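Below you'll find the structure, written out as structure tokens, and then a few comments.
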Amino acid sequence: AFRLDRSLGARAAGGAVLTSGGSLAGVVVSGKDVNAFVPIHLFRPILSQVFRGEIPERSQLGAHYLALEQIALAEGGFGDLGGMRLTGARMLGLQAVRPGSAAARAGLQEGDIILRANGLELSGGRDLAEFVGQQEPGSKIRLDILKDGTEKTVEVTLDRENR
């Protein structure tokens with residue numbers, strides 16, 4: 001059970017989200033048209049860098065993807081297969097794989113399905129984003145992918161997030 005910090009009111013962008021026991025669970029951050037919850041475990045590495053006087057860095061893959069369960073109905077289903085499918089969003093101007101990115105250097109392409117990251121089964125888009133965000137920039141990860149119907153493993157050296 002979670003609750004918002006009482007001092008924040010209904011428009012809680014930027015506010016703390018607490019567990020029922022009073023521990024910090026994360027914060028609500030605001031974007032252009034939406035508020036989103038960011039769990040505290042994603043902030044810890046960044047806050048540690050800030051408190052040490054460093055410029056915060058995050059890793060990035062350089063790919064846009066959707067969880068298979070998000071697109072299964074639109075494309076006829078994927079059975080019991082779980083993971084993330086690399087897909088662009090033309091209306092938003094997003095490419096599935098950004099040229100020159102870590103994903104591009106590893107040979108990932110639109111339509112590839114990322115099944116596992118370092119052996120971790122992926123079941124939702126946040127799983128991969130959280131996993132990548134917890135890695136150090138420049139670190140190597142192993143992705144098990146489904147490419148053209150064949151499962152294979154690729155090694156990816158993660159980029160630093162562009163600021």
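All values below were derived from every heavy atom in this structure, side-chain atoms included, with hydrogens, water molecules and symmetry-related copies excluded. As the structure is a computational prediction, the values presented were derived from the model and not from experiment. The chain is numbered in sequence order, starting from 1.
- Minimum heavy-atom separation, Q109 to L86: O-CD1, 3.5 Å.
- We find the CZ-CG distance between F131 and L122 to be 8.5 Å, quoted to the nearest 0.5 Å.
- Note that the CG atom of L115 and the NZ atom of K152 stand 13.0 Å from one another [nearest 0.5 Å].
- With rounding to the nearest 0.5 Å, the separation of CD1 in I145 from OG1 in T153 is 8.5 Å.
- A pairwise comparison of heavy atoms in V97 and A104 identifies CG1-N, 3.4 Å as the closest pair.
- In this structure, the separation between CG on N118 and CG on L143 is 7.5 Å, given to the nearest 0.5 Å.
- Classification of E155 and R142 as a salt-bridged pair fails, no side-chain N sitting under 4.0 Å from a carboxylate O.
- With hydrogens and angles disregarded, a donor-acceptor distance shorter than 3.5 Å links the side chain of R105 to the backbone of G100.
- The nearest pair of heavy atoms linking K147 to G107 is NZ-O, 3.1 Å.
- The minimum heavy-atom distance between R98 and S101, with the atom names listed, is O-OG, 2.7 Å.
- L158 contributes atom CG, which lies 10.0 Å from atom NZ of K140 (distance to the nearest 0.5 angstrom).
- In this structure, the separation between CE on M84 and CD1 on I113 is 10.5 Å, given to the nearest 0.5 Å.
- Judged purely by atom type and a 3.5 angstrom limit, S59 uses its side chain to pair as donor or acceptor with the backbone of Q135.
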